[in-house]
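Below is one structure, written out as structure tokens; comments come after it.
All values below come from the heavy atoms of this structure, side chains included, with hydrogens, waters and symmetry mates left out. Positions are given from 1, in the same order as the sequence printed here.
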Amino acid sequence: MTQATGEPFERIQCQWCQSMNEKSALACRACGAPLDIRNLVSESGWREAPRIRDMTEIQFSSSICQVEGEIVPVAEINLGAGDSIFFEHHVMLWKDERVPMTVMQLSGGLQRAFGGMPFIISVATGPGRIAFSRDATGELVLLPLHPGMEVDVREHAFLLCSHQISYSFVRVKGLANIIFGGQGMYMDRFVTTGSPGLLILHGYGNVFERKLAHGESIMVEPGAFLYKDSTVTMDVEFQRLGGFIGGVNMSLAKLTGPGRVGIQSMYVHHRTE
């Protein structure tokens, strides 16, 4: 691609979400990741989620998200006319009086309640401003979802999601309520069809991501799991530890690729609010 002068039009690719940005940009327009800081990857292949700078702005559809603060980050959304977002009702921090709110119609109410998932999802529609916070230390992870993407997220981890993305839930087979960190056997599933959208998660502590190859598996403490591509399978595996009055069992989540896996460094086994 060239400019009118015939000179090449240079772009910078974000290392976190792969979106393209103009050469002069300091932060990715799609996910807020700093573009002037190299990707940090551990020897085992885990890369740090980008620490979004205070007051970074991200655009989606006709709306703008501004990330404010660092210890307990806030996502302030300037909703454009016709745009809407959905969220668990208790994560809203404040809103303009003119921003209307409704409740999303959900299926599987009893299953959601049994699995410890929220059964009330609120919807806010623009124009106007509205802000959100998880009321906990950690960091926000912005995941732009392109058409045809599917992401599974642990319950009570998503902060907000744009209306272009469909919302449902999926069961983790063999993972009983008491096993999965006390959190349940269901995960939120977010799917895009023909239009891109934005999903914002809150991770406790720090967030790390790793891409698994086809057939590659890792064992994760269930309380640390944050999100995964739907192509990554999750199963429970018990490991017998001997040496203590006959031994004890350890339950771990076995994640098998291909696809991305996200974890959080601080396991918070919170209850449904």
Side-chain angles (χ1 to χ4, degrees), residues 1 8-60 64-71 73-75 134 137-154 157-159 161-162 190 192 196-221 224-232 253 255-267:
M1 184 175 182
F9 186 73
E10 295 187 51
R11 309 284 283 180
I12 301 176
Q13 186 174 40
C14 174
Q15 297 181 58
W16 177 253
C17 73
Q18 309 306 310
S19 297
M20 302 303 293
N21 297 266
E22 63 271 22
K23 185 179 179 181
S24 60
L26 296 179
C28 178
R29 304 299 187 193
C31 72
L35 297 175
D36 55 350
I37 298 177
R38 67 184 181 89
N39 210 12
L40 299 178
V41 183
S42 69
E43 292 183 0
S44 58
W46 292 97
R47 63 172 179 166
E48 294 183 18
R51 178 65 70 173
I52 301 174
R53 294 189 179 100
D54 193 12
M55 298 299 178
T56 295
E57 290 189 351
I58 302 97
Q59 184 161 359
F60 64 98
I64 294 176
C65 169
Q66 186 174 63
V67 177
E68 303 164 357
E70 297 178 350
I71 299 175
V74 173
R134 266 289 170 190
T137 57
E139 58 184 328
L140 298 185
V141 181
L142 282 73
L143 297 178
L145 299 188
H146 307 296
M149 293 184 68
E150 296 185 8
V151 175
D152 299 329
V153 178
R154 75 174 295 141
F158 97 93
L159 190 70
C161 188
S162 66
F190 301 90
T192 54
L198 180 66
L199 172 64
I200 302 181
L201 310 181
H202 177 275
Y204 291 90
N206 295 105
V207 175
F208 300 87
E209 182 185 274
R210 180 171 165 179
K211 180 172 284 190
L212 299 177
H214 182 79
E216 181 183 8
S217 298
I218 55 172
M219 311 299 293
V220 174
E221 150 64 40
F225 168 74
L226 185 61
Y227 66 91
K228 68 180 184 66
D229 287 330
S230 64
T231 53
V232 176
L255 296 145
T256 304
R260 299 172 300 168
V261 172
I263 61 172
Q264 54 190 0
S265 64
M266 187 169 75
Y267 328 149

Gap between atom SG of Cys28 and atom CD of Gln15 - 0.5 Å precision: 11.0 Å
Audit row: Met20, Ile12, side-chain contact (heavy atoms from CB on, under 4.5 Å) steps and yes/no: CA-CA 6 Å; Met20 302 303 293; Ile12 301 176; over 6 Å; no
Inter-residue atom distance Asp54.CG - Glu68.CD, 0.5 Å rounding: 7.5 Å
Verdict with supporting geometry, Trp16 and Val141, side-chain contact (heavy atoms from CB on, under 4.5 Å): CA-CA 10 Å; Trp16 177 253; Val141 181; 3.8 Å; yes
Test: Lys211 and Glu216 ion pair at under 4.0 Å: no
Backbone N/O of Gln18 and side chain of Gln13: donor-acceptor pair under 3.5 Å: yes
With Val207, the side-chain contact (heavy atoms from CB on, under 4.5 Å) member among Glu139, Arg51, Arg47: Glu139
Taking every non-hydrogen atom, the tightest pair across Ser19 and His146: OG-CE1, 4.2 Å
Salt bridge flag under 4.0 Å for residues Glu57 and Arg29: no
Pair Leu145-Phe190, side-chain contact (heavy atoms from CB on, under 4.5 Å): steps then yes or no: CA-CA 9 Å; Leu145 299 188; Phe190 301 90; 4.2 Å; yes
Residue pair Leu35 / Ala25: nearest heavy atoms and the distance that separates them: CD1-O, 3.6 Å
Atom of Phe208, atom of Glu48 and distance for their closest heavy-atom approach: CE2-CG, 3.4 Å
Nearest heavy atoms of Ala33 and Cys14, plus distance in Å: CB-SG, 3.9 Å
Heavy-atom closest contact (Leu199 atom, Val153 atom, distance): CD2-CG2, 4.2 Å
Short side-chain to backbone donor-acceptor contact, Ser162 and Leu198, under 3.5 Å: yes
Candidate pair Arg53 and Ile37, rule side-chain contact (heavy atoms from CB on, under 4.5 Å), full reasoning: CA-CA 11 Å; Arg53 294 189 179 100; Ile37 298 177; 3.9 Å; yes
Distance, nearest 0.5 Å, that separates OG of Ser265 from CH2 of Trp46: 11.5 Å
What donor-acceptor contacts under 3.5 angstrom involve side-chain atoms of residues 225-232, with partners at least two apart or in another chain?
| residue | atom | partner | partner atom | Å |
| --- | --- | --- | --- | --- |
| Tyr227 | OH | Glu209 | OE1 | 2.5 |
| Lys228 | NZ | Asp152 | OD2 | 2.8 |
| Lys228 | NZ | Val232 | O | 2.6 |
| Asp229 | OD1 | Arg260 | NE | 3.2 |
| Asp229 | OD1 | Arg260 | NH2 | 2.9 |
| Asp229 | OD2 | Arg260 | N | 2.8 |
| Asp229 | OD2 | Arg260 | NE | 3.2 |
| Ser230 | OG | Glu150 | OE1 | 3.2 |
| Thr231 | OG1 | Pro258 | O | 2.6 |

Nearest-0.5 Å distance, OG of residue Ser44 to CD1 of residue Ile218: 9.0 Å
Ile52 to Gly32 - nearest heavy-atom pair and separation: CG2-O, 3.8 Å
Expected output: side-chain Thr192 to main-chain Pro196 donor-acceptor under 3.5 Å: no
